[in-house]
Amino acid sequence: MNSITLQPKRGMRDFLPNEAKIHLYIIETIKKIVESYGFSPIITPLLESLDLFKRSVGEQSDIVGKEMYAFVDKSGDDVCLRPEGTASVMRAFLNSPLSQTLPARLYYYGPMFRYERPQKGRYRQFDQFGCEFIGTNDPRHDGDMIVMASRILNQLGISYILDINTIGTLQEREHYKKVLVSFLNDHHDALSIQSQQRLQTNPLRILDSKDPKDQLITANAPSILDSLTPETLHFYEEVKNYLKHFNIPFQENSRLVRGLDYYSHTTFEFKTKALGSQDAIIAGGRYDDLSKQMVGKSLPSVGWAVGVDRLSLLCDQSKISPTLSIAILHLNQPWAAYELCENLRDFGVKSLVITHPNLKKGIQLAERSCDYVIVIGDEEIKNQQLTIKNLKNSEQYQTNYCAKDIIQTI
RNA sequence: GCGGGUGUAGCUCAGUUGGUUAGAGCGCAAGAUUGUGGCUCUUGAGGCCGCCGGUUCAAAUCCGGUCACUCGCCCCA
């Protein structure tokens, strides 16, 4: 009989206990921080109508254009696995009574799907944790979101570079596009072939091309800042002032143009040097026009998303505080061992029973999963005394046969 | 989607111009060692050589395809 393939599908992964622990630790850490900023959880479906992302993320964006897990379901509807969270959260928000009380601070977490070529730190199913501050046009809230994100990276022990920019309003951007295209057309033949195509589809993206030829040309390109109104520039200043006030180091990068259509004004990206070309770890910005694209009514908002998998690869694992654990190794005394375990668990201590006739082997087994070992045999039951052994440093302690005393001794 | 690299034991890797039964270290199991592990020694288990096909008397080795990983591009978290 042929056996089935055990490998997961391309870009999909199994998280074995050690990896799963780090993953959950990161989510727990982020959750605590964003809740301390007043954010509440929202859970939305993994499956959405394809139209949602076409309208919000943009039909000509790469995410929608070539990376969607899209298919026709049994009823003939065009559906897809969500490629990102913001559009779903906005949809759920607009569809709910939450939209009656502004502003709203929401966070979400879960798998996203993009059909692209996998690499380290880039998978077809990946977990994102995101925060959305919906219904605010206060630049301090943009700053607040960025400070919150930096707090997360600090907490996890991840060093970063923060790039920020403003891409203004839709009108300002359209104006800048014209200026930029007319400039680039003068250097058309010197551009990379890719950028020549982008001149038609998405000229702003030429600005952050990695091709040296393109970079040489765009170095002298007109800046978007020259196409912005004083109001927009003032807004941008306020965001920067907020970051300076809280001593968040950042660099202005007028080439930071995000790939999703719904962004406006503030954009930012926390980058790392440790993951090769997968350098973005937290990215986001303001999206005042998203709601307009969906329901025709504007609703200023700002948010970001973080790649949990990328944080897993970067985070300082020594920060994960180990849980106290005790192994009960019994010598033909199973009832006593299981009872003592239950008593220890009443105090919230991780404990498990080890059964092995050979004492030495039993202690070796205990060492693999626990910090301490207690041996229970006839003597211990007769004397009502236990020896607790610290498996890390071999120290031993005597204690009464009682869960409370054991915990106090440790 | 485009270009390069890799795939041999649980892990890290050897494996000669194609040539008997594919190896090592670490790890795992048993024993030396029947009430307190980690050292040492002995022994042992564990392999569809990623998968499918081709060439050949003979393939881990050569060829084609495929799957997965990986690096760069694209893009992004």
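Throughout, a chain's letter reflects where its sequence line sits, starting with A, and its residues are numbered from 1. Quick note: numbers below take in every heavy atom, side chains included, and nothing from hydrogens, waters or symmetry partners.
The separation of B:A22 from B:C48, taken at their P atoms, amounts to 13 Å, rounded to a whole angstrom. Here the separation of B:G50 from B:G10, taken at their P atoms, is 13 Å to the nearest Å. As rounded to the nearest Å, B:C2 and B:U66 have P atoms that lie 11 Å from one another. For the P atoms, the distance from B:U42 to B:U6 is 38 Å, rounded to whole Å. Between the C1' atoms of B:U36 and B:A77, the separation comes to 50 Å (whole Å). B:U16 and B:U33 are spaced 44 Å apart, taking the P atom of each and rounding to whole Å. One P atom belongs to B:C11, the other to B:U43, and the distance between them is 26 Å to the nearest Å. Rounded to a whole angstrom, the distance from the P atom of B:U56 to that of B:U70 is 38 Å.
Look at CD1 on A:Ile388: it is 17 Å from C1' on B:G37, rounded to the nearest Å. One can place CD of A:Glu380 at 13 Å from P of B:G35, the figure rounded to the nearest angstrom. Whole-Å rounding puts the A:Leu331 CG to B:G37 C1' distance at 14 Å. Distance, A:Glu395 CD to B:U36 P: 18 Å, rounded to whole Å. Regarding A:Leu329, its CG atom lies at a distance of 11 Å from the C1' atom of B:G37, rounded to whole Å. Residue A:Asn393 contributes atom CG, which lies 13 Å from atom C1' of B:G37 at whole-angstrom precision. Rounded to an integer number of Å, the gap from CD of A:Gln7 to C1' of B:U6 is 14 Å. For the pair A:Ile193 CD1 and B:C2 P, the computed distance is 16 Å after rounding to whole Å.
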Distances for protein N or O near nucleotides 41-44 of chain B N or O, under 3.5 Å:
none

Would you list the protein and nucleotides 25-31 of chain B atom pairs, both N or O, that sit under 3.5 Å from each other?
unit_1 : atom_1 : unit_2   : atom_2 : d
B:A29  : OP1    : A:Arg368 : NH2    : 3.2
B:A29  : OP2    : A:Arg368 : NH2    : 3.2

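For the side-chain contact (heavy atoms from CB on, under 4.5 Å) criterion with A:Leu153, the lone passing option out of A:Ile158, A:Ile30, A:Thr272, A:Val306 is A:Ile158. Tested against A:Phe270 for a side-chain contact (heavy atoms from CB on, under 4.5 Å), the candidates A:Ile161, A:Ile282, A:Ile152 yield a single pass: A:Ile282. Applying ring pair (Phe, Tyr, Trp, His ring centres under 6.0 Å) to A:Tyr107 and the options A:Phe129, A:Tyr37, A:Phe39 leaves one that passes, A:Phe129.
The side chain to side chain contact (heavy atoms under 4.5 Å, CB included) test applied to A:Pro222 returns A:Val179, A:Phe183, not counting sequence neighbours. Scanning for side chain to side chain contact (heavy atoms under 4.5 Å, CB included) contacts around A:Val375 gives A:Leu329, A:Leu331, A:Leu359, with sequence neighbours left out. A:Lys392 pairs by the side chain to side chain contact (heavy atoms under 4.5 Å, CB included) definition with A:Asp371, A:Asn390, not counting sequence neighbours. For A:Val79, the side chain to side chain contact (heavy atoms under 4.5 Å, CB included) test picks out A:Leu47, A:Phe71, A:Asp73, A:Asp77, with sequence neighbours left out. Applying the side chain to side chain donor-acceptor pair (under 3.5 Å) criterion to A:Glu48, with sequence neighbours excluded, gives A:Ser88, A:Arg91. Applying the side chain to side chain donor-acceptor pair (under 3.5 Å) rule to A:Asp405 yields the partners A:Asn400; only residues at least two apart in sequence or on another chain are considered. Residues meeting the side chain to side chain donor-acceptor pair (under 3.5 Å) test with A:Lys271, sequence neighbours left out: A:Asp163. Residues passing the salt bridge (Lys or Arg N to Asp or Glu O under 4.0 Å) test with A:Asp214: none are found, sequence neighbours excluded.
If you check B:G72 for Watson-Crick or wobble pairing at under 3.5 angstrom, you find it paired to B:C2. In this structure, B:A45 forms no base pair with any nucleotide, since neither Watson-Crick nor G-U wobble geometry is met with both distances under 3.5 Å. Summarising the base pairing, B:G7 is matched to B:C67 through a Watson-Crick or G-U wobble pair whose two defining distances lie under 3.5 Å. In a base pair of the Watson-Crick type (N1 to N3 plus N6-O4 or O6-N4) or a G-U wobble (N1-O2 and O6-N3), with each distance short of 3.5 Å, B:A24 is matched with B:U12. Across all strands shown, B:A59 forms no Watson-Crick or G-U wobble pair with both key distances under 3.5 Å.
Here A:Arg345 pairs with A:Glu342 in a salt bridge; the nearest charged N to carboxylate O distance falls below 4.0 Å.
Counting any heavy atom pair closer than 4.0 Å across all strands shown, A:Asn202 reaches no nucleic acid atom. Residue-level contact check: A:Asn332 touches neither bases nor backbone, having no heavy atom under 4.0 Å from any strand.
With rounding to the nearest 0.5 Å, the separation of OG in A:Ser36 from NZ in A:Lys31 is 13.0 Å.
At a cut-off of 3.5 angstrom, the base of B:G35 holds no donor-acceptor pair with the side chain of A:Lys360.
Annotation: cation-pi pair A:Lys240/A:Tyr236 present, NZ/CZ under 6.0 Å from the ring centroid and within 45° of its normal.
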At under 4.0 Å between heavy atoms, which parts of nucleotides 72-77 of chain B does protein reach? Answer with one letter per nucleotide, 5' to 3': B base, S sugar-phosphate only, - none.
BBBBBB
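Mapping A:Pro118 and A:Tyr115 onto RNA chain B via the closest heavy atom, the residue that lands nearer the 5' end is A:Tyr115.
Under the 3.5 Å distance criterion, with hydrogens and angles disregarded, a donor-acceptor pair is assigned to the side chains of A:Gln398 and A:Thr387. Between the side chains of A:Gln194 and A:Ser209, no donor N or O sits under 3.5 Å from an acceptor N or O.
The stretch residues 8-45 of chain A touches RNA chain B through A:Arg10, A:Gly11, each having a heavy atom under 4.0 angstrom from the strand.
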